[in-house]
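Here is the structure we will look at, set down as structure tokens.
The chains referred to below are lettered A, B, ... by the order of the sequence lines, with proteins before strands, and numbering in each begins at 1.
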Amino acid sequence: MSSEQTRDHVHEGYDVTYVQEKWLPVWDKIEPFKSGRPDDARPKKYVLDMFPYPSGDLHMGHAEAYALGDVIARYWVQRGFNVMHPMGWDAFGLPAENAAIKRKIDPAPWTYENIAVQKASMRRFACSFDWDRTFNTCDPEFYRWNQWIFLQLFERGLAYRKDSKVNWCPSCQTVLANEQVVAGLCERCDTPVTKKKLNQWYFKITEYADRLLADMSQLEGKWPDKVLTMQRNWIGRSTGANVTFKIEGRAEPVTIYTTRPDTLYGATFFVVAADSDLAAELAQGTGAEKDFVTYLEGIKAASDIDRLATDRPKTGLFLQRYAINPVNGEKLQIWASDYVLADYGTGAIMAVPAHDQRDLDFARAMALPVRVVVETGEEDPNISGIATAGNGTLINSGPLNGKEKEEAIAFINAQLEREGLGKAADNYRLRDWLISRQRYWGTPIPIIHCPSCGEVPVPQDQLPLILPPAQGIDLKPKGTSPLGALTDWVSVACPNCGEPAKRDTDTMDTFVDSSWYFLRFPSSTDHSQAFNRKDIDTWLPVDQYVGGVTHAILHLLYSRFLTKVLFDMGAVGFSEPFTRLLNQGMVVMDGSAMSKSRGNMVRLSDELERHGVDAIRLSMVFAGPPEDDVDWADVSPSGSVKFLNRAWRLSGDITSVVGVEYSMGDISLRKATHKAFNDAAFAIESLRFNVAIARIMELVNAARKAIDSGCGPADPAAREAVEAIAIMLSVVAPFTAEEMWERLGHQPSVALAGWPKVEPALLVADSVIAVVQINGKIKERLEVSPTISDAELEAAALAHEGIAGALAGATIVKIITRAPKIVNIVINNE
RNA sequence: GCCCUCGUAGCCCAAUGGCAGAGGCAGAGGACUUAAAAUCCUCCAAGUGUGGGUUCGACCCCCACCGAGGGCACCA
């Protein structure tokens, strides 16, 4: 079966294939979307789609994302803005490296070939990208600045190395940032993540935790609430106090963190994280030491997955040591347990079983005492087994007795601080960003390790530190960076003292690349600096960012962090990079994500071949609100084809000439046209593109009717309406719109036609229907002037015979009038 | 367990607290056709998950519950 026969656009419509081929070269020549020409006086807009990873050709998800981004970019061009809508590639990373290993090839050509394929597909998809600004993160001209940024952070103490137990993916053979561990699994390959003690590079994002939270007020209402909530959860600030406990037989006291300092008198034991250094030290030399070692081994064998089961029974070991409660001098048993985390707070807690469920579970498992110190009115936790965490009045708590929770917290915090035993403190769930990777295809870390000078930056004039070619390197993951095998490359003279030294062999997490790439587009051809401040001031921040919700935490949090660092450096003049954010949903099939194993893959190229580019773009945009998932089983690309043909057909019906005076045209069709312009614009600016399409469909229906059985094809209003359709359609179906525009007698490109000014007089309806209610129930409908006053409308309602009849014998309590819409008469029937 | 979002015709989805239906898909009928396709026209359907509350008036605001999806999760 030939593709000609399977296509559903061959009947009574335009030849989609021909039209697509016809306009691409024309647009290449006109370059309607070139931004930043020197004489351009239009106000600016920066519209950005998250750049893709170049693994294979574009898929349905890309099609949706770029269709949506294109509506926004093209709309603002029509509105007379100088729109920068750039595109590049997030080209470093594991997929390329894994593909290279599998095929025994170099990741570089594989990557560049895929980029070429995707770029060609984007052109055919009619994306309004400004190609003059494109770059790839694997270009040395780009990653050179990645290295520069790393060194900027290094100089400021924001990039540092430390020994730590890190997330390790045994399959990828590399470390992972916290953000890349999803439910205990590697986000890339779903392998259970293990822990490994390593010395690694970190970016100090925790130093910005408070500002990352506070600046969200700038994003409220402009970013999806969902994303803001996710970021808040991820940062996870909690408010409480640090309290110092003396340890018997130890010189140094131990500080614990608690969110409930008011319950200090309810502490009945003390717990340290079993895998912490403190636990090992405390166990040393006690009778429990042997058992502790055994217990610890058992814990280490358990993976993160096991730990995720929060309902598993509590385990622990009494270390035969005691802590002293600073407020009442009580001796508390010190236990080691894995329900306390070594890397949150201080890795040690006071246990208040009456008011913390985890502590209560532990106390009951180990037969430890439970003391209620907050009277909440609920059942005694000793009996119910349910800790009472709510508000209440303090009891059994010395000076706190009788106080409410908040008051008690303030009181005890002040007392602790006075006595030097503690003070109010916040804690965060957020950890520093681990950026080292033991893999090849990434930006080399520009540091030289010198035995005498320590960590020495690669001098600026030696940047970029080029990633050595892959030829001859064994890329197979083995737990250390493949670059380490390149002895010649690794061995260098220390830039400081000249003595033999070694290069750092790790590469950077590719999220470093994407956390600032949006700053590079305005001056991507300037190879003397990461970004040109003048261009940054012109274009940034990004006015509209479009991308998937999968990046709600990782990419967006890192970008916000790095922007703040650059702001503090004085390198940029803003602290939030993305003013507005749109998270499009996923394209799914039959309710679930497309995957080869499910066998529900829909190939973009097949869909484009069958229905044409415009129909696929239209289907994506019209399917529903952009943030909702699109179920391809629910959309009708052939319905889109039908509509586009219906619109196109109108352009051949118009018999008036270009430039005809619209004001002479049929008034009701003119009103429909201007209402469509007005409403579609509002819908697009509110990111409700599906509604905008519905408005265009209405106008198509109205124009069809007017031409066939109304004012006719020669009426100026008919031309105005069809031109309006072409202009509005150009933001979503550019081929169809361009073809219509030409058939209407215009020169290309319709993309630059401009969104006409709506005439306010044409937005006023001749008459409207006012509703008359009695006690909220609709009784009558009156046709009235849209400018009727409240008093007039009320009088008209009361004068209406149906209403007068219904009111007979009743007492009018109240009349609410909202001209010209509604009159509600409240009556009292006795 | 905690937090967030969403429940409107058979389906996808619209409705600044003011007529529940804008648009589409599917379906039915008709016109045109030798016929079909295409095209054009007409028609069809829910009372807004459930129960309360606020209000002159609730799809919309508040509370509880049910259902779906998502985020975080032994974070003291």
Side-chain angles (χ1 to χ4, degrees), chain A residues 8-13 182-184 224-234 236-238 240 256-260 263 271 273 307-312 314 337-341 343-352 355-359 361-362 427-431 549 552-553 585 591 618-619 622-625 627-631 633-640 642-643 645-646 649 679 683 688 690-701 704-705 708-709 768-778 780-781 813-818 821-827:
Chain A
D8 50 18
H9 51 69
V10 290
H11 298 288
E12 194 66 28
V182 179
D225 287 341
K226 185 182 171 185
V227 174
L228 296 178
T229 305
M230 283 167 71
Q231 292 215 354
R232 255 181 223 112
N233 287 347
W234 187 261
R237 176 165 66 193
S238 77
I256 59 102
Y257 173 74
T258 177
T259 54
R260 294 294 303 276
T263 62
V271 189
R307 289 192 68 121
L308 288 175
T310 55
D311 52 353
R312 71 196 177 117
K314 293 276 185 290
S337 175
D338 66 347
Y339 87 90
V340 172
L341 306 178
D343 59 352
Y344 182 79
T346 61
I349 63 155
M350 66 169 188
V352 185
H355 307 296
D356 182 287
Q357 191 60 46
R358 294 152 305 180
D359 294 346
D361 293 342
F362 191 83
N427 236 311
Y428 300 88
R429 199 187 153 281
L430 183 70
R431 305 290 195 275
V549 74
I553 295 171
L618 178 68
S619 298
F622 185 55
E627 57 274 9
D628 288 4
D629 285 350
V630 174
D631 194 330
D634 291 334
V635 311
S636 169
S638 51
S640 298
K642 232 168 84 178
F643 165 70
N645 274 322
R646 194 169 146 84
R649 232 174 283 119
D679 294 358
R688 284 149 49 233
N690 53 326
V691 178
I693 304 289
R695 294 290 98 86
I696 304 175
M697 287 174 168
E698 279 179 87
L699 185 57
V700 167
N701 292 341
R704 180 78 268 155
K705 192 169 260 177
D708 288 349
S709 55
V768 295
I769 303 296
V771 176
V772 184
Q773 300 178 331
I774 294 178
N775 286 349
K777 299 274 179 288
I778 295 157
E780 295 294 342
R781 294 179 168 83
V813 179
K814 193 179 183 181
I815 302 179
I816 294 106
T817 308
R818 297 281 180 272
K821 284 183 169 173
I822 197 162
V823 179
N824 187 13
I825 304 164
V826 186
I827 61 172

### Query
Should B:rA28 form a Watson-Crick or G-U wobble pair with both distances under 3.5 Å, which nucleotide is its partner?
B:rU42
### Task
Answer syn or anti for B:rG47, where the cut-off is 90° from 0 on the glycosidic torsion.
syn
### Query
Under 4.0 Å: is that the gap between some side-chain N or O of A:K705 and OP1 or OP2 of B:rU42?
yes
### Query
Which nucleotide, B:rC56, B:rC41, B:rA76, lies nearest any side-chain atom of A:R818?
B:rC56
#### Entry: A:Y344 vs B:rA76: side-chain N/O to OP1/OP2 distance below 4.0 Å
yes
### Query
Considering only side-chain heavy atoms of A:V771, which listed nucleotide, B:rU42, B:rC19, B:rG18, is closest?
B:rC19
### Task
Round to the nearest Å and state the distance from A:M697 atom CE to B:rC12 atom P.
17 Å
### Query
Any donor-acceptor pair under 3.5 Å joining the side chain of A:R688 to the base of B:rA14?
no
#### Entry: Distance below 4.0 Å between A:S638 side-chain N/O and B:rC25 OP1 or OP2
no
### Summary
Mate of B:rA68 across any strand shown (Watson-Crick or G-U wobble, both atom pairs under 3.5 Å) is B:rU5
### Task
Report which part of the nucleic acid A:Q773 touches: base, sugar-phosphate, or nothing (heavy-atom distance under 4.0 Å, all strands).
base
### Query
Looking at B:rG24, B:rA76, B:rA14, which one has an atom nearest to any side-chain atom of A:F622?
B:rG24
### Query
Among B:rC40, B:rC72, B:rG18, which nucleotide sits nearest the side chain of A:R646?
B:rC40
### Task
Have a look at A:P625 and say if it touches a base, only the backbone sugar-phosphate, or nothing, with a 4.0 Å heavy-atom cut-off.
sugar-phosphate
### Task
Measure from the side-chain heavy atoms of A:T229 and tell me the nearest of B:rA76, B:rA22, B:rC3.
B:rC3
### Query
So does A:K814 get a side-chain nitrogen or oxygen closer than 4.0 Å to the phosphate oxygens (OP1/OP2) of B:rC56?
yes
### Task
Identify which nucleotide among B:rC56, B:rC4, B:rC19 has an atom closest to any side-chain atom of A:I816, counting heavy atoms from C-beta outward.
B:rC56
### Task
Would you classify A:N690 as touching base, sugar-phosphate or nothing, given that sugar-phosphate means primed atoms plus P, OP1 and OP2, and contacts are heavy atoms under 4.0 Å?
sugar-phosphate
### Task
Identify which nucleotide among B:rC41, B:rC74, B:rU39 has an atom closest to any side-chain atom of A:L341, counting heavy atoms from C-beta outward.
B:rC74
### Message
Let's test this: given Watson-Crick or G-U wobble pairing with both distances under 3.5 Å, identify the partner of B:rU55.
### Response
none
#### Entry: A:N824 CG - B:rG17 P separation (whole Å)
18 Å
## Note on the structure
A:R649 has its side chain closest, among B:rC56, B:rU39, B:rA76, to B:rU39
### Query
So, A:R260 and A:D356, do they make that salt bridge, N to O below 4.0 Å?
no
### Query
What does A:R237 touch in the nucleic acid at a heavy-atom separation under 4.0 angstrom: a base, only the sugar-phosphate, or nothing?
nothing
### Query
Heavy atoms under 4.0 Å, any strand shown: does A:I769 hit a base, just sugar-phosphate, or nothing?
base
### Query
From B:rA76, B:rA14, B:rG23, pick the nucleotide closest to the side chain of A:N701?
B:rG23
### Query
For the base of B:rC19, is there a side-chain donor-acceptor partner from A:K821 under 3.5 Å away?
no
#### Entry: A:N824 and A:R818 side chains, donor-acceptor separation under 3.5 Å
no
#### Entry: Minimum-distance nucleotide to A:V691 side chain [options: B:rA14, B:rC56, B:rU39]
B:rA14
### Message
Distance check, C1' atoms only: B:rA9 and B:rC44, in whole angstrom units.
### Response
10 Å
### Message
Taking the nucleotide of RNA chain B with the nearest heavy atom to each, does A:E698 or A:R781 sit closer to the 5' end?
### Response
A:R781
### Message
Between the base of B:rC72 and the side chain of A:N233, is there a donor and acceptor pair under 3.5 angstrom?
### Response
no
